[in-house]
Amino acid sequence: MTPFINVRKITIIKKTKTPRPNPSAVGTENGAAPAVPIMNQTENPKIRLENINYYYGKGTPFEVKALDAVSLDIHGGKLTGIIGHTGSGKSTLVQLLNGLARAGEGRVLLDGVDIWADPKEIGRVRYRVGLVMQYPEYQLFEETVYADIAYGPRNMGLPEEEIQARVHEAAAFAGVDAALMEKSPFDLSGGQKRRVAIAGIMAMRPEVLVLDEPAAGLDPQGRHTIFQGIRDYNRKTGCTVLIVSHSMEDMAQYCDDVVVMAHSRVLMAGDRDHIFARADELETVGLDIPQITKLCLLLREGGMPMPAGLYTVEAAEDSLMKLFSEAKKNRRGGERS
Amino acid sequence: MKGFAFGQYYPANSVLHRMDPRAKVICAVAYIVASFLCKNTFSFVLLFVSAFALILISRIPLKVVLRSVRALIFIMAFTAVLNIFWIVDTAEGAVPLVEFWIIKIYTKGLYHAAFILVRILAMVIGTGLFLTYTTTPIALTDALESLLRPLAKIKVPVHAFAMMMTIALRFIPTIMEETEKIMSAQKARGADFTTGSLAKRAKALIPIIIPLFASAFRRADELATAMECRCYHGGEGRTKLRILRYHARDFLGMLWIILFIAAIVTLNILGARFGWLYTM
């Protein structure tokens with residue numbers, strides 16, 4: 001009888017270092033493409049980054065290149081996750097999208113138009129691309145939750161009834177209880193504050209919603225509520241959503257597309273299935289892959305014919321059960337003969 | 001806001017960096033006194049040269065030092081201009097250099113303006129080099145606490161003051177960073193700090209100030225808890241990890257300052273006796 005899994009073989013597997021994959025491997029070159037091939041390229045992208053270089057402290061001895069030749073498309077209407085280690089450039093990237101930072105080299109195109117075409121109109125871009133910064137609960141300041149969510153729409157100069165409608169809609173998406181509306185935001189719990197802050201951006205009804213680590217520091221239940229709310233928002237409004245995170249686990253569960261950042265570059269970008277099919281490459285650059293993907297990789301290396309790129313427990317269970325029943329059938333067949 | 005550099009420690013390997021912070025505080029005070037003792041062209045030239053000698057000794061790039069001077073350019077220009085127009089040479093036979101309407105400019109006025117400039121420059125560079133540039137804020141408060149200890153006898157809470165200063169210094173960069181973050185966050189919500197009337201702009205600051213205060217109080221609260229968890233109960237019976245000790249270089253430094261003051265006084269006296277150039 002052959003053992004189902006060769007356990008001993010699994011435990012002695014050594015991690016083999018493969019050379020850093022060429023980032024241009026995923027992007028496809030187009031006729032009038034800029035110098036660097038655009039990753040995750042599509043027709044009519046919502047946002048296109050063209051050959052972005054971004055430096056901190058340029059011209060000083062402390063110069064750091066935060067983004068290195070980044071060219072990337074963000075597909076409209078999708079939920080895109082940006083993953084990378086601390087210092088991989090992901091927070092810098094999102095600040096470029098709504099013009100809080102401006103790259104020295106390269107362009108940011110929103111619906112095909114350079115957002116810096118008219119620097120005086122950058123305020124308008126900020127209404128179109130809503131950014132929820134890290135730990136957004138620290139930006140709350142109004143006397144009531146309602147007033148705080150209404151701050152953005154009010155700055156847009158909307159009429160009062162429109163503001164009211166938007167505030168209630170955004171609160172519902174972000175999971176802010178209607179009973180909290182007249183409370184002071186300073187009296188809420190951490191998770192509630194976070195949801196109020198997210199609602200404050202959603203109420204501006206941006207075409208693109210960018211969230212920098214929206215679930216940082218929350219417990220698993222809180223993480224789930226936030227991500228579920230963001231996903232609902234994306235599905236129901238059709239708004240393009242970007243989430244920055246370092247948690248592969250969450251990204252695998254909620255995102256359509258995944259962009260992987262490493263060493264100030266876009267390492268790979270594409271839909272979720274494509275990215276997790278290359279889970280072994282992710283591991284070589286030191287990124288955490290979902291635990292279930294890791295298990296499947298180990299099983300493959302141990303000689304089990306598992307499909308590559310599994311990232312949900314359900315899918316892994318399915319293929320394991322299939323293998324199990326096949327093995328059972330084979331064994332029975334073997335005994336009979 | 002990133003360029004905020006006034007009084008920032010600049011690590012380098014020099015005698016000034018290694019000196020005992022108490023000796024440096026004493027030297028800094030003596031240096032200020034010396035700059036006020038200067039009376040004529042020669043002593044001011046000596047003061048000017050000494051400021052640049054200090055920069056050389058400290059091994060801190062000239063550019064870095066001049067950055068802190070830049071912050072005071074307005075005050076320096078203001079006092080210089082004031083002196084040029086205000087000083088009236090009452091000596092016999094003194095002719096105004098320029099005479100126009102009610103404005104009279106004398107050569108003496110120009111000299112005075114130059115003197116004042118050198119004095120301010122030397123004070124800023126001198127104190128900066130002895131204290132902020134070569135001494136970490138922690139070492140500085142340690143030194144102040146140690147120098148002011150005699151005051152504890154008359155019930156001045158020296159330790160509490162030193163601790164408050166340490167904490168304040170420690171949190172300046174943190175709060176600056178926080179301000180920048182909150183500004184970005186509110187800008188993302190359409191806040192506009194640069195256009196509109198003064199009243200409108202002042203009102204636009206509310207969304208920054210309130211979160212900033214809220215987070216300052218939260219930090220203070222957390223810090224107090226953290227300190228109590230580590231059994232902090234004030235200065236009573238508290239020992240130090242790094243005990244300050246004077247070395248030969250510290251005495252040499254103070255000796256240098258004494259000689260410097262003596263040289264300036266000598267130049268002043270000689271200048272007064274032989275009527276050298278302009279005096280203040």
Side-chain angles (χ1 to χ4, degrees), chain A residues 56-58 60-62 91 94-95 97-101 119-120 122-143 147-158 184-187 190 193 197-204 206 208-212, chain B residues 1-5 8-12 59-67 70 171 173-197 200-223:
Chain A
Y56 283 111
K58 186 161 175 116
T60 69
F62 310 106
S91 286
V94 295
Q95 297 211 3
L97 298 181
N98 76 341
L100 275 179
K120 279 186 204 136
I122 197 68
R124 201 151 298 187
V125 172
R126 293 196 184 128
Y127 296 135
R128 294 177 62 195
V129 182
L131 172 62
V132 181
M133 311 244 301
Q134 260 177 62
Y135 297 102
E137 57 270 34
Y138 297 147
Q139 75 194 29
L140 302 178
F141 69 98
E142 281 282 9
E143 281 171 51
D148 209 288
I149 300 176
Y151 176 68
R154 198 152 281 157
N155 280 332
M156 296 168 79
L158 298 171
S184 161
F186 294 99
D187 291 339
K193 278 187 199 170
I198 292 174
I201 303 289
M202 284 178 174
M204 289 160 55
V208 182
L209 178 67
V210 186
L211 301 111
D212 195 351
Chain B
M1 247 192 241
K2 285 251 157 67
F4 180 81
Q8 256 178 1
Y9 179 65
Y10 190 95
R59 295 194 187 163
I60 292 171
L62 185 65
K63 230 166 88 183
V64 176
V65 180
L66 290 184
R67 223 186 288 152
R70 211 167 49 192
F171 279 99
T174 313
I175 287 180
M176 304 265 302
E177 202 179 301
E178 182 104 9
T179 313
E180 235 164 287
K181 261 191 216 157
I182 293 171
M183 278 178 84
S184 294
Q186 305 300 27
K187 266 195 238 164
R189 295 211 276 167
D192 183 2
F193 313 117
T194 48
T195 59
S197 65
K200 197 182 153 216
R201 266 188 261 182
K203 220 180 148 197
L205 288 180
I206 293 174
I208 296 174
I209 290 169
I210 291 177
L212 203 58
F213 267 89
S215 88
F217 283 127
R218 181 175 44 81
R219 265 182 223 290
D221 214 30
E222 282 168 7
L223 183 67

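Order of the sequence lines fixes the chain letters, A, B, ..., with proteins taken first and strands second; residue numbering starts at 1 for each chain.
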### Task
Using non-hydrogen atoms and a 4.5 Å limit, figure out which bit of A:Leu100 sits close to chain B: side chain, backbone, both or neither.
side chain

### Task
May I ask you to decide whether A:Asp148 forms a salt bridge with B:Arg189, counting only side-chain N to carboxylate O separations under 4.0 Å?
yes

### Message
Test your reading of the model: is there a side-chain donor-acceptor pair from A:Asn98 to the backbone of B:Ala188, 3.5 Å cut-off?
### Response
no

### Query
So what's closer than 4.5 Å to chain B heavy atoms on A:Tyr127: side chain, backbone, both or neither?
side chain

### Query
Under a 4.5 Å heavy-atom cut-off, does chain B meet the side chain of A:Tyr135, its backbone, both or neither?
neither

#### Entry: CZ (B:Phe193) with more than 12 external heavy atoms under 6.0 Å
yes

#### Entry: Interface moiety of B:Ser215 toward chain A, non-hydrogen atoms closer than 4.5 Å
neither

### Summary
Scanning both residues in full, the closest heavy-atom pair of B:Ile210 with A:Phe186 reads CG2-CZ, 3.9 Å

### Message
Just verifying a value: how many Å separate A:Met133 CE and B:Ser184 OG, rounded to the nearest 0.5 Å?
### Response
4.5 Å

### Message
Could you report the tightest heavy-atom contact between A:Arg126 and B:Lys187, atom names first, then the distance?
### Response
CD-O, 3.4 Å

### Query
Under 6.0 Å from the CZ atom of B:Arg218, do we count more than 12 heavy atoms belonging to anything else shown?
yes

### Message
Need one label for A:Met204: side chain, backbone, both or neither, based on atoms under 4.5 Å from any heavy atom in chain B.
### Response
side chain

### Query
Any donor-acceptor pair under 3.5 Å linking the side chain of A:Gln139 with the backbone of B:Pro211?
no

## Note on the structure
The reported gap from CZ in A:Phe141 to CD1 in B:Ile208 (rounded to nearest 0.5 angstrom) is 10.0 Å

